[in-house]
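Okay, so here's the structure we're looking at.
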Amino acid sequence: MHKQIDFSKHSSIKIGPTVDVFVIEDKHYPKEYTMLGHCNNVLLGEELPPLMILGKNFDYIKIEDGLLCIGGATAGGRVLSFCKKQDIAHFELLPKLPGSIGGMIKMNAGLKEYEIFNYLHSIITEDGEILKKDIPHGYRWTEFKGVVFEARFEIHKGFNQAHLEMFKKMRDNQPLDPSAGSCFKNPKDDSAGRLIQEVGLKGFQIGGMAFSEKHANFLVNLGGGTFNEAIELIQLAQKKVFEQFNIHLENEVIIIDTRYF
Ligand SMILES: Cc1cc2nc3c(=O)[nH]c(=O)nc-3n(C[C@H](O)[C@H](O)[C@H](O)COP(=O)(O)OP(=O)(O)OC[C@H]3O[C@@H](n4cnc5c(N)ncnc54)[C@H](O)[C@@H]3O)c2cc1C
């Protein structure tokens, strides 16, 4: 099945064309297609490769063999409600982490030392079950092939309301304008936001896009922002930070455009 998606509405940064996307309904899919989750960490250009998403069959939560088994298309918000109801711990970070479980696993999404991999048991891809210990991973990166159809987590009892409040507070400094979250990964022992501010780009705007006044590492769409404006800002920040600090800012946002692979 195919579905038309307008990425200028569907993506969190509100940029992208309307295109036909392949919807994975069983575990079969065209291997050369590029996978998308809920589009909270991607910047889509005008020259897109063929795209695919998981269909509704992959939106579920169940407890099986003592593990919490979550379909790759399931939204974090739904997981949080489930864990609250079932008194399950360690998912309190989800309300401020928009996206699908598949996208979170691929990005090893998290806040400070709290990462989605912490209590992961295994993932299910077309190669079957892959245990966490066999998946190389670290700060916002993972290495595995294929699509996450399901993620399985250890179950620890005790939903922690205080943790939930702490995570909500940690995100008080985030801008509310459309963005894809942090634009760059934090370099070791430093902060991308600090470096962007130091080179004078906090609040700097090109067209409709800007490094937020509220948090410099958030590339925000202030209205009508385009892919090219976003790329211009990303490259400008990388150039200035490299010139001044000899540090290469690595993108956290995934750029999807055949010209940038
Ligand atoms: C306001 C805001 C705040 C944010 N704050 C944080 C934060 O504090 N910490 C943090 O870590 N992130 C943060 N993010 C980024 C985002 O929440 C995470 O990266 C999340 O994991 C993205 O999930 P998604 O489903 O939207 O993935 P997408 O953005 O659609 O995709 C991200 C990557 O995952 C891959 N992918 C998606 N689904 C699958 C799948 N099923 N199988 C295999 N690969 C897949 C895609 O190919 C792509 O490479 C923030 C984003 C926003 C908009």
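This is a predicted model, so every value here is computed, not measured. When a ligand or atom number is given, it counts from 1 through the structure's own listing order.
Screening residues 198-212 for side chain to side chain donor-acceptor pair (under 3.5 Å), with sequence neighbours left out, gives no hits. Residue pairs meeting the side chain to side chain donor-acceptor pair (under 3.5 Å) criterion with at least one partner in residues 146-163, sequence neighbours excluded, are Tyr60-Glu150, Glu129-Arg152, Glu150-Arg152, Glu154-His156, Gln161-Glu165.
For Phe211, there are no ring-ring contact (aromatic ring centres under 6.0 Å, His included) partners, not counting sequence neighbours.
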Using a cut-off of under 3.5 Å, which N/O atoms of ligand 1 pair up with protein N/O atoms, and what distance separates each pair?
{"unit_1": "ligand 1", "atom_1": "8 (O)", "unit_2": "Arg171", "atom_2": "NE", "d": "3.2"}
{"unit_1": "ligand 1", "atom_1": "8 (O)", "unit_2": "Arg171", "atom_2": "NH2", "d": "2.7"}
{"unit_1": "ligand 1", "atom_1": "9 (N)", "unit_2": "Gly110", "atom_2": "O", "d": "2.7"}
{"unit_1": "ligand 1", "atom_1": "11 (O)", "unit_2": "Gly110", "atom_2": "N", "d": "2.9"}
{"unit_1": "ligand 1", "atom_1": "11 (O)", "unit_2": "Gly110", "atom_2": "O", "d": "3.3"}
{"unit_1": "ligand 1", "atom_1": "11 (O)", "unit_2": "Arg140", "atom_2": "NE", "d": "3.0"}
{"unit_1": "ligand 1", "atom_1": "17 (O)", "unit_2": "Pro98", "atom_2": "O", "d": "2.5"}
{"unit_1": "ligand 1", "atom_1": "19 (O)", "unit_2": "Asn41", "atom_2": "OD1", "d": "3.4"}
{"unit_1": "ligand 1", "atom_1": "21 (O)", "unit_2": "Gly103", "atom_2": "O", "d": "3.3"}
{"unit_1": "ligand 1", "atom_1": "21 (O)", "unit_2": "Met104", "atom_2": "N", "d": "3.2"}
{"unit_1": "ligand 1", "atom_1": "25 (O)", "unit_2": "His38", "atom_2": "N", "d": "2.8"}
{"unit_1": "ligand 1", "atom_1": "25 (O)", "unit_2": "Ser100", "atom_2": "N", "d": "2.8"}
{"unit_1": "ligand 1", "atom_1": "25 (O)", "unit_2": "Ser100", "atom_2": "OG", "d": "2.7"}
{"unit_1": "ligand 1", "atom_1": "26 (O)", "unit_2": "His38", "atom_2": "N", "d": "3.4"}
{"unit_1": "ligand 1", "atom_1": "26 (O)", "unit_2": "Cys39", "atom_2": "N", "d": "3.1"}
{"unit_1": "ligand 1", "atom_1": "26 (O)", "unit_2": "Asn40", "atom_2": "N", "d": "2.8"}
{"unit_1": "ligand 1", "atom_1": "26 (O)", "unit_2": "Asn40", "atom_2": "ND2", "d": "3.0"}
{"unit_1": "ligand 1", "atom_1": "29 (O)", "unit_2": "Asn40", "atom_2": "N", "d": "3.1"}
{"unit_1": "ligand 1", "atom_1": "29 (O)", "unit_2": "Asn41", "atom_2": "N", "d": "2.8"}
{"unit_1": "ligand 1", "atom_1": "30 (O)", "unit_2": "Gly37", "atom_2": "N", "d": "2.7"}
{"unit_1": "ligand 1", "atom_1": "30 (O)", "unit_2": "His38", "atom_2": "N", "d": "3.3"}
{"unit_1": "ligand 1", "atom_1": "30 (O)", "unit_2": "Cys39", "atom_2": "N", "d": "2.8"}
{"unit_1": "ligand 1", "atom_1": "38 (N)", "unit_2": "Gly103", "atom_2": "N", "d": "3.4"}
{"unit_1": "ligand 1", "atom_1": "41 (N)", "unit_2": "Val148", "atom_2": "O", "d": "3.2"}
{"unit_1": "ligand 1", "atom_1": "42 (N)", "unit_2": "Val148", "atom_2": "N", "d": "2.8"}
{"unit_1": "ligand 1", "atom_1": "47 (O)", "unit_2": "Met35", "atom_2": "O", "d": "2.7"}

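In this structure, Lys169 forms no cation-pi arrangement with Phe167, as its terminal cationic atom is not both closer than 6.0 Å to the ring centre and no more than 45° off the ring axis. Figure legend: Arg194 and Phe245 shown as a cation-pi pair, the cationic atom lying under 6.0 angstrom from the six-membered ring centre and within 45 degrees of its axis.
At a threshold of 4.0 Å, the pair Asp59-Lys56 does not count as salt-bridged, since none of the basic side-chain nitrogens sits closer than that to a carboxylate oxygen.
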